[in-house]
Amino acid sequence: MPKLLDKIRESQLFKSIFRHPAPTDRRNRIAVVLTNFFLHVHPVSIKKHVLKPGFTWYMGGITLVLFMIEIVTGVLLMFYYRPTVDAAYGDMLAMRDVMPLGALREMHRWAAHAAVICVMLHMYRVFLTGSYKPPREFNWCVGVMLLVLMLLLSFTGYLLPWDQLALWAVTVGSNMARATPLVGAEGPGSQLLTVGGIDMITSSSDARYVLLGEQVVGGNALLRFYVLHCVALPLAAGLLVMIHLWRIRKDGGVSGPK
Amino acid sequence: MVCFAATLFLWLVGTLRFLFPNVTNRRSGRFLAGPLTEFPPGAVDDRYQKEHRVWIIHGEYNGQPQLYALRSVCTHLGCTPIWMPGDEQFKCPCHGSGFHKDGVNFEGPAPRPLERVAIRLTADQQLEIDTDKIFHRERGEWDNPESFVVPS
């Protein structure tokens with residue numbers, strides 16, 4: 001058996017994929033971690049206090065794992081859901097019976113709720129440990145942007161079952177958008193954006209209209225929210241997560257007591 | 001640098017314009033509601049509430065009897081108010097806005113009265129309603145004769 005493993009390890013195929021074999025000492029361990037695309041997101045060594053559950057509660061890591069669960073379950077759900085007014089509700093109900101793992105929809109929803117809770121706990125923990133202080137102020141701002149994206153992901157995902165709860169929640173939420181200053185038709189300052197006597201911001205050309213794609217919450221809104229929920233917002237969140245983790249590394253790892 | 005900024009700006013403007021569709025699929029809001037005789041004085045008719053989101057009311061406004069159609073959309077955040085015949089008022093179940101029979105708001109978070117839609121009498125004494133034309137009381141538009149029918 002060991003001979004076979006040796007043969008594999010010395011083959012050209014293995015060497016082209018794995019530049020360094022499994023580590024046997026510290027130097028090799030560093031080499032393996034640093035030259036691996038997936039592993040090099042970790043630093044070579046970390047401070048001991050970082051691993052204490054009472055310090056970080058592991059909330060950042062748990063949130064990231066939940067986000068990845070959402071992506072995996074979300075993509076799988078996309079095989080069984082059509083974002084049209086006629087099919088959305090029926091497909092959602094049918095998921096329980098048609099999908100081999102009928103609880104996948106529930107898993108997606110529970111992970112979403114858990115992610116929002118964990119994000120709040122993570123934010124609370126960062127505040128309590130003072131990990132927003134210089135030089136980490138910018139990372140806190142990136143974190144706030146991630147919080148907003150999480151809430152938007154929850155909001156857009158909420159419409160997709162296309163049931164009564166979804167429709168009215170989005171009606172109320174999008175009606176709030178029309179009260180936005182300047183770009184909302186019923187908000188203060190909407191008259192300021194008038195070009196040559198023509199009102200630029202009306203109920204068919206304000207922020208609410210862009211969100212819904214028409215005047216009411218209908219097929220256009222469902223499709224837009226679907227694209228936002230499945231493509232645009234996850235891409236933006238993924239990008240910000242990468243920046244967020246990059247900044248942690250560059251600021252010297254998870255903060256600790258001086 | 002200038003070229004880059006200009007290109008970026010054009011791209012942003014183009015994307016924003018892209019988000020406004022050229023055409024939307026929406027039915028015309030015009031429909032025939034029935035002969036005048038089917039709406040007796042005092043009635044708050046909800047037969048078209050499900051399909052067209054309007055009540056047809058034979059009530060009183062500015063001291064004169066009027067037939068008008070109110071949109072059943074709460075002016076707070078868009079829920080559907082409920083007509084309560086016992087209390088003679090519209091109450092919104094979402095956040096508790098209250099409107100009188102003529103549509104004027106009197107309690108709750110609603111900032112303005114319910115909206116009227118265009119209503120007219122056809123040549124053969126039928127009521128025709130057009131939900132695409134909306135009249136706001138707070139803009140003085142309820143004085144527009146297109147927003148009510150005077151029963152003879």
Side-chain angles (χ1 to χ4, degrees), chain A residues 84-86 155-156 159 164-180 182-188 190-191 193 195 198-228 231-233 235-236, chain B residues 11-30 48-54 71-82 91-97 105 108-118 130-141:
Chain A
T84 58
V85 169
D86 303 316
F155 183 62
T156 50
L159 179 66
Q164 283 290 314
L165 195 63
L167 190 88
W168 293 107
V170 172
T171 300
V172 166
S174 64
N175 278 352
M176 288 193 241
R178 72 179 175 196
T180 316
L182 273 186
V183 292
E186 284 179 23
S190 63
Q191 311 301 322
L193 287 169
V195 175
I198 303 173
D199 212 2
M200 293 267 98
I201 307 290
T202 66
S203 68
S204 54
S205 63
D206 68 344
R208 179 174 172 270
Y209 191 79
V210 172
L211 191 64
L212 299 179
E214 52 185 348
Q215 300 245 26
V216 292
V217 178
N220 281 11
L222 181 57
L223 186 57
R224 284 184 186 217
F225 275 43
Y226 182 70
V227 173
L228 279 172
V231 183
L233 291 172
L235 277 176
Chain B
W11 179 82
L12 281 168
V13 169
T15 306
L16 187 63
R17 174 63 185 91
F18 180 79
L19 294 173
F20 288 82
N22 290 343
V23 184
T24 53
N25 296 312
R26 213 172 53 162
R27 290 189 340 216
S28 160
R30 230 166 353 154
Y48 295 108
Q49 206 206 344
K50 206 157 183 227
E51 208 191 323
H52 296 280
R53 280 194 100 174
V54 282
R71 278 187 78 214
S72 61
V73 177
C74 181
T75 51
H76 177 226
L77 285 173
C79 294
T80 309
I82 303 167
K91 285 291 281 181
C92 181
C94 285
H95 310 99
S97 298
N105 56 312
R112 51 194 178 85
L114 294 173
E115 296 164 349
R116 281 192 187 180
V117 291
D130 189 355
T131 56
D132 288 332
K133 293 204 191 74
I134 297 178
F135 300 89
H136 300 87
R137 181 175 186 263
E138 67 276 8
R139 296 184 199 169
E141 291 167 2

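First the proteins, then the strands, lettered A, B, ... as listed; each starts at 1.
Remark: the backbone N or O of A:V216 is not paired with any side-chain donor or acceptor of B:R26 at under 3.5 angstrom.
The minimum heavy-atom distance linking A:V172 with B:C79 is given by the pair CG2-SG, 4.0 Å. Shortest non-hydrogen contact noted between A:N220 and B:P21 is ND2-CG, 4.3 Å. Across every non-hydrogen atom of A:M176 and B:L77, the tightest pair is CG-CD2, 3.6 Å.
More than 12 non-hydrogen atoms from other residues, nucleotides or ligands lie less than 6.0 angstrom from NZ of B:K91.
Contact of A:S205 with chain B is made through backbone and side chain together, with heavy-atom distances under 4.5 Å.
In this structure B:R53 satisfies the side-chain contact (heavy atoms from CB on, under 4.5 Å) test together with A:W168, B:S72, B:V73, B:T80, sequence neighbours excluded.
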